[in-house]
Amino acid sequence: MAKLTLDTLLKGGFESTPVKIPSYDIDKMRKITAQEPCWLHFGAGNIFRIFIARLDHELLNKGLWDKGVIAADTFDGEIIDSIYLPHDNLTLAADMRSDGNIAFEIVSSVAEAINAASDTNGSAERLKEIFASSSLQMVSFTLTEKGYALKDMAGNYLPVVTADIEGGPDNCRHAMSRVCALLLHRFNSCKAPIALVSMDNCSHNGEKLRGSILETANNWLAKGFVGEDFIEWISNENEVAFPWSMIDKITPRPDKTVEEKAIEAGMEGVAPITTSKGTFIAPFVNAEIPQYLVIEDNFPAGRPPLEKAGVYFTVRDTVNNVEKMKVTTCLNPLHTSLAVFGCLLGYSRISDEMKDKDLNSLVNKLGYDEAMKVVIDPGIIKPDAFIKEVLEERLPNPYIPDAPQRIATDTSLKMPIRFGETIKSYIASNELDVMDLVYVPLTIAGWLRYLLAVDDKGDNFTPSSDPMLATLQSFLKDVAWNDPSTLGDDIDQILKNEVIFGTDLVACGLSVKVRTYLAEMLEGEGSVRKTLQKYL
């Protein structure tokens, strides 16, 4: 049996296994990276390990690059202490093919891993050293959309952000405050240009990152912690750039079947752990094969040649169009629709839902019949080919153990982009009528039915976490899952909320359809299924 360690790798411990191993000198790469760091990444989770770090790994394998990427985590330091360090920063990548075969590869491009959630190991000073290096070209992020938020849903600063504003750059804790403080250190040390690249799956991610950094810096300016010259520097995208990006790769939580296959392949010590912050993570990462990363090519200090590893570099408008194609049409709305109805109909895997005639029909009609009518072709990736791959290969893949319960997390934050943009496009169109929409309002009605936390059999379930869950459920407190007459006017408080849907559904008239569909889903056991079948 082979352990996932550098010692095992260097001593040929994987020669009798089917695991693909690196072809480059890992020790040499790590020394070069330590001396001249080029790429730092915040957010050391699974999408980073199997996709982003692997891009660098591919360049190293091809002899096209000589530096690794440095990983840091500001939220859950146990990821670093319990998964990275015991395995010498190696990851076992498990590529899950639709035919059931799993290809294993050791990804070894992480040159250094930093627990930035705690300073007991000198992480703060190490990060300052890295930021002070003029060789540092880019800092990337996968923090989830919540990681950039400075305020709560009511528009008030989060307590940690308030403390950071008052305390200044020296003792901050929020991720955005810490990055801003590190930029201040770079400004005071070398003033070298740099690119900060959000690779999170959210709309206009570079804009969100830039806005949070600038807001933090301006608050510090008002408190006298920084000068106008620092504000001018980080505001100048020729010095500090915030490229936009679009990322796409389905990376589910670690799967038991993959763990068993890894053991069959000769691996040991690959069992998942759950950290004290609830992160379920393993030495391996399982994911689908298809992947896309499109980045605005705005790097004032240069960058690694990631285009040679399959990354698309283009202009901001094209990135925006690719992102809109994905999150408003070809993938994300389909995922959310499957998530809410999957929970209501008792499914635990997205792939199983695609075998359901009704749900398969729903997402096909939602994508092709409604959303595709307003999609913008970005040019570099064709919408028809993309949605075809999603519906025929990616979502039905039985070996991608993705759960509707995971996808249903934070749905209130996803609604304005995944469905609101399509609704707004119909409203603005001279050729389309918003009242012709069926499957978008049907999904919204399904989500409201989901918020009752009772499935189609009448059994209770626990909804996935959502920052607005309690508020939304308060408007539905008098609604009974088996009595349409209990659906009162309180529902309009949700439907006219432009924060949730990006537009007022009452004002545009679409609320009438949502209410009708929802009322039909409140007729007791089996009514969700009957409503789907009626409109499909």
Side-chain angles (χ1 to χ4, degrees), residues 37 40-43 72 74-75 114 116-117 119 123-141 143-200 202-245 296 298-301 316 499:
L40 171 67
H41 183 89
F42 285 101
T74 60
F75 173 71
I114 300 171
D119 194 33
S123 63
E125 284 304 312
R126 178 57 184 144
L127 287 172
K128 289 172 72 174
E129 288 177 4
I130 294 168
F131 262 78
S133 301
S134 58
S135 61
L136 185 68
Q137 296 178 325
M138 62 182 285
V139 181
S140 53
F141 302 82
L143 305 175
T144 75
E145 188 166 3
K146 290 183 288 189
Y148 306 102
L150 303 181
K151 298 177 180 179
D152 60 22
M153 296 300 291
N156 301 313
Y157 281 119
L158 300 169
V160 64
V161 174
T162 298
D164 289 348
I165 292 171
E166 298 297 328
D170 292 336
N171 299 294
C172 45
R173 292 165 45 224
H174 189 275
M176 294 296 97
S177 309
R178 295 185 65 182
V179 172
C180 190
L182 288 166
L183 285 171
L184 177 63
H185 182 69
R186 185 176 182 85
F187 175 75
N188 291 329
S189 300
C190 65
K191 290 188 178 66
I194 194 168
L196 275 65
V197 192
S198 170
M199 296 182 180
D200 271 296
C202 57
S203 179
H204 298 181
N205 48 20
E207 185 176 67
K208 285 182 170 62
L209 174 58
R210 185 174 190 266
S212 294
I213 296 296
L214 286 174
E215 186 168 352
T216 300
N218 278 298
N219 276 315
W220 284 343
L221 175 66
K223 297 287 184 180
F225 290 117
V226 302
E228 288 280 2
D229 51 351
F230 175 62
I231 303 296
E232 292 174 3
W233 183 68
I234 61 170
S235 299
N236 182 353
E237 289 220 36
N238 291 320
E239 298 290 341
V240 183
F242 295 85
W244 293 17
S245 74
E296 176 188 359
N298 183 15
F299 292 80
R316 180 172 292 185
V499 173

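The structure displayed is predicted, hence computed values, not measured ones.
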Would you mind reporting whether Phe131 and Ser189 have side-chain heavy atoms less than 4.5 Å apart?
no

For a side-chain contact (heavy atoms from CB on, under 4.5 Å) check, start with the C-alpha distance between Gln137 and Ile194, then their side-chain angles and the critical distance, and finish with the verdict.
CA-CA 5 Å; Gln137 296 178 325; Ile194 194 168; over 6 Å; no

Kindly say whether Leu184 contributes a backbone atom to a donor-acceptor pair with the side chain of Asn188 at under 3.5 angstrom?
yes

Counterpart residues, ring pair (Phe, Tyr, Trp, His ring centres under 6.0 Å), relative to His185 (two or more places apart):
none

Heavy-atom side-chain contact between Leu196 and Leu183 under 4.5 Å
yes

Side chains of Met176 and Asp164: does their closest heavy-atom pair fall under 4.5 Å?
no

Quick one: does any side-chain atom of His174 pair with a main-chain N or O of Ala149 as donor and acceptor, under 3.5 Å?
yes

So, the side chain of Lys223 versus the backbone of Gly167: is there a donor-acceptor pair under 3.5 Å, distance only?
no

Residues passing the ring pair (Phe, Tyr, Trp, His ring centres under 6.0 Å) test with Phe42, sequence neighbours excluded, are Phe141

Answer whether the closest heavy-atom distance between the side chains of Phe225 and Asp170 falls below 4.5 Å.
no

Polar side-chain atom of Arg173 near backbone of Ala163 as donor-acceptor pair, under 3.5 Å
no

When you measure from the side chain of Asp200 to the backbone N and O of Thr144, does any donor-acceptor pair fall under 3.5 Å?
yes

Checking Ser212 side chain against Tyr148 main chain: does a donor-acceptor pair fall under 3.5 Å?
yes

How far apart are the closest heavy atoms of Glu207 and Trp244, and which atoms are they?
N-NE1, 3.4 Å

Side-chain contact, heavy-atom cut-off 4.5 Å: Glu228 with Leu221?
yes

Does Ser198 reach the side chain of Lys208, with side-chain heavy atoms less than 4.5 Å apart?
no

Can you see which heavy atom on Glu215 is nearest to which on Tyr157, and at what distance?
OE2-OH, 2.5 Å

Residue pair Leu214 / Ser235, side-chain heavy-atom distance below 4.5 Å:
yes

For the NE2 atom of His41 and the CD1 atom of Ile114, what is their distance to the nearest 0.5 Å?
12.5 Å

NZ/Lys191 to CG/Asp229 distance, rounded to the nearest 0.5 angstrom?
7.0 Å

Is any side-chain heavy atom of Leu127 less than 4.5 Å from a side-chain heavy atom of Leu40?
yes

Using a strict cut-off of less than 4.0 Å between a Lys/Arg side-chain nitrogen and an Asp/Glu carboxylate oxygen, indicate whether Arg210 and Glu296 qualify as a salt bridge.
no

Taking Arg178 for the side chain and Ala116 for the main chain, is one N or O donor matched with an acceptor at less than 3.5 Å?
yes

Show, in sequence, the C-alpha distance, side-chain angles and deciding distance for Ile234 and Ile213, and conclude whether the side-chain contact (heavy atoms from CB on, under 4.5 Å) test is met.
CA-CA 9 Å; Ile234 61 170; Ile213 296 296; 4.3 Å; yes

Taking ring pair (Phe, Tyr, Trp, His ring centres under 6.0 Å) as the test, write out the residues that go with Phe230, two or more places apart.
Phe187

Looking only at heavy atoms, the pair that brings Ser177 and Thr216 closest together is CA-CG2, 4.0 Å

How close do Pro300 and Asn238 get, heavy atom to heavy atom, and via which atoms?
CB-O, 3.2 Å

Rounded to the nearest 0.5 Å, how far does CG of Leu150 lie from CD1 of Ile165?
7.5 Å

Between Asn205 and Ser245 (side chain of the first, backbone of the second, donor and acceptor by atom type, cut-off under 3.5 Å), is there such a pair?
yes

